[in-house]
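Worksheet: one structure, shown below.
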Protein chains: 2
Amino acid sequence: MSEKDDFDLQLFLPYLLNQAAEESSLAFQRVYKSRYGMLRTEWRVLFHLGIYGRMTATEIGQRARTHKTKISRAVQRLAERRFLRRDPDERDRRVEHLELTPTGLAAYRDLRAVAQECDAWLVRDLSPDETGQLRRLLVRLAG
Amino acid sequence: MSEKDDFDLQLFLPYLLNQAAEESSLAFQRVYKSRYGMLRTEWRVLFHLGIYGRMTATEIGQRARTHKTKISRAVQRLAERRFLRRDPDERDRRVEHLELTPTGLAAYRDLRAVAQECDAWLVRDLSPDETGQLRRLLVRLAG
DNA sequence: AGGTAGTAGTTGATTTTGTAACCAACAACC
DNA sequence: GGTTGTTGGTTACAAAATCAACTACTACCT
């Protein structure tokens, strides 16, 4: 009946990665949530526009591997709060180009600094070598 | 205005880990969802009972770092489908010990095999050395 | 031009999660 | 023995994710 089982759940990648992802998101989440009332997809959209500049919703969705309904709702909320501006395309009237307002840009810069701090804090116990290794391996896995 | 920005979102750990976690969960998710109609927390509870045997909801929650309401609902659904049995504690009548039924055990064993395949498939492009490294680094990060 | 198919983005219905309040049982204290 | 505080677990309600259907537009094809 209760024979021992040697499957190591803690090392099963989908489990392990989820734990690490949730754990690592906490600190940053507290900031973007309390400081700007944002959700996960919202800071991601904000960052995409902050980093890459003017983009359409579809482009963001592709780059972030996020479903378009999620993007659509995030854009809606960010637009309501004046973090971004919607700019209809002249040639193709289905398309909207999105770009940050000064408010949005300021929020992005603020959160970018926080993100950098969080990231540094997360790897505080790893050597620079190990940190690089970890990121490279994760990129190969997620890419 | 649109000066280039050099923050690398793809390497920001909360982002990178989330992408890797979601990506890596897809294959396994398809199986436990389609084959047993389970949700994420449900397979986790199933695995905990399969691996460690008889446990209480609270113990599972602590080990899996999962909130008790999530566990409670997962247990409820697993019990309805006869994957597990609830066994009230004699001494403390608040406590319920949980254990898998034969059906639950069979499902666990089936999914465990799938999990092992998924895991192997995920690291198919990494050397055994790199795989070990990755897991160790993640454990240090998540632990 | 008219018809078909495909794309950008939104909306609505259903499911799932998160937060807080809750109940029942225990424990400790005086 | 009653009060207070804590713990195991559930429930209720709000917030959010999911999935499908939808509108509006473009592109292609005849």
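These figures come from a predicted structure and were not determined experimentally. Here is the naming used below: chain letters follow the sequence lines, and residue numbers restart at 1 for every chain.
- The aromatic rings of B:Tyr52 and B:His48 lie tilted to each other, with the angle between the two planes from 30° to 60°.
- Remark: B:Glu99 CD to B:Leu105 CG distance equals 10.5 Å, nearest 0.5 Å.
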N/O contacts under 3.5 Å, protein versus nucleotides 15-18 of chain D?
{"residue": "D:dT18", "atom": "OP2", "partner": "A:Lys70", "partner atom": "NZ", "Å": "3.2"}
{"residue": "D:dT18", "atom": "O4", "partner": "A:Arg73", "partner atom": "NH1", "Å": "2.9"}

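- Among the candidates A:Glu22, A:Gln19, A:Glu23, the single residue satisfying the side-chain hydrogen bond (donor to acceptor under 3.5 Å, both in side chains) test with B:Arg65 is A:Glu23.
- Residue B:Leu84 holds its CG atom at 15.0 Å from OH of B:Tyr108, rounded to the nearest 0.5 Å.
- Scanning DNA chain C 5' to 3' for nucleotides with an atom closer than 4.0 angstrom to a non-hydrogen atom of chain A gives a first and last hit of C:dG6 to C:dT19.
- With sequence neighbours left out, the ring pair (Phe, Tyr, Trp, His ring centres under 6.0 Å) criterion links A:Phe83 to no other residue.
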Check the pair B:Arg86, B:Val75 against side chain to side chain contact (heavy atoms under 4.5 Å, CB included), reporting the backbone distance first and the verdict last. CA-CA 9 Å; B:Arg86 312 167 102 118; B:Val75 167; 3.7 Å; yes

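- With a 6.0 Å radius and a threshold of 12 heavy atoms from other residues, nucleotides or ligands, B:Arg82 has its CZ atom at or below the threshold.
- The shortest distance between the side-chain N/O atoms of B:Gln76 and the OP1/OP2 oxygens of D:dT11 is below 4.0 Å.
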Between B:Met38 and B:Leu78, does a side chain to side chain contact (heavy atoms under 4.5 Å, CB included) hold up when you go through it step by step? CA-CA 8 Å; B:Met38 287 187 191; B:Leu78 289 170; 4.0 Å; yes

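- Note on ring orientation: taking the six-membered ring where Trp is involved, the planes of B:Phe12 and A:Phe28 are perpendicular (angle over 60°, cut-offs 30° and 60°).
- Contacts of residues 14-21 of chain B with DNA chain C (heavy atom under 4.0 Å): none.
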Using atom types as modelled, flag every donor-acceptor pair under 3.5 Å from a side chain in residues 55-64 of chain B to any protein atom, sequence neighbours excluded.
{"residue": "B:Thr56", "atom": "OG1", "partner": "B:Glu59", "partner atom": "N", "Å": "3.2"}
{"residue": "B:Glu59", "atom": "OE1", "partner": "B:Thr56", "partner atom": "N", "Å": "3.0"}

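- Of all the heavy atoms in B:Asn18 and A:Ser25, the pair that sits closest is ND2-OG, 3.3 Å.
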Report, one pair per line, the protein and nucleotides 1-8 of chain D atoms (nitrogen or oxygen only) whose separation is under 3.5 Å.
{"residue": "D:dT7", "atom": "O2", "partner": "B:Arg94", "partner atom": "NH1", "Å": "2.5"}

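- B:Leu11 and A:Leu46 end up in different hydrophobic clusters when Ile, Leu, Val, Met, Phe, Trp and Tyr side chains are linked at under 4.5 Å.
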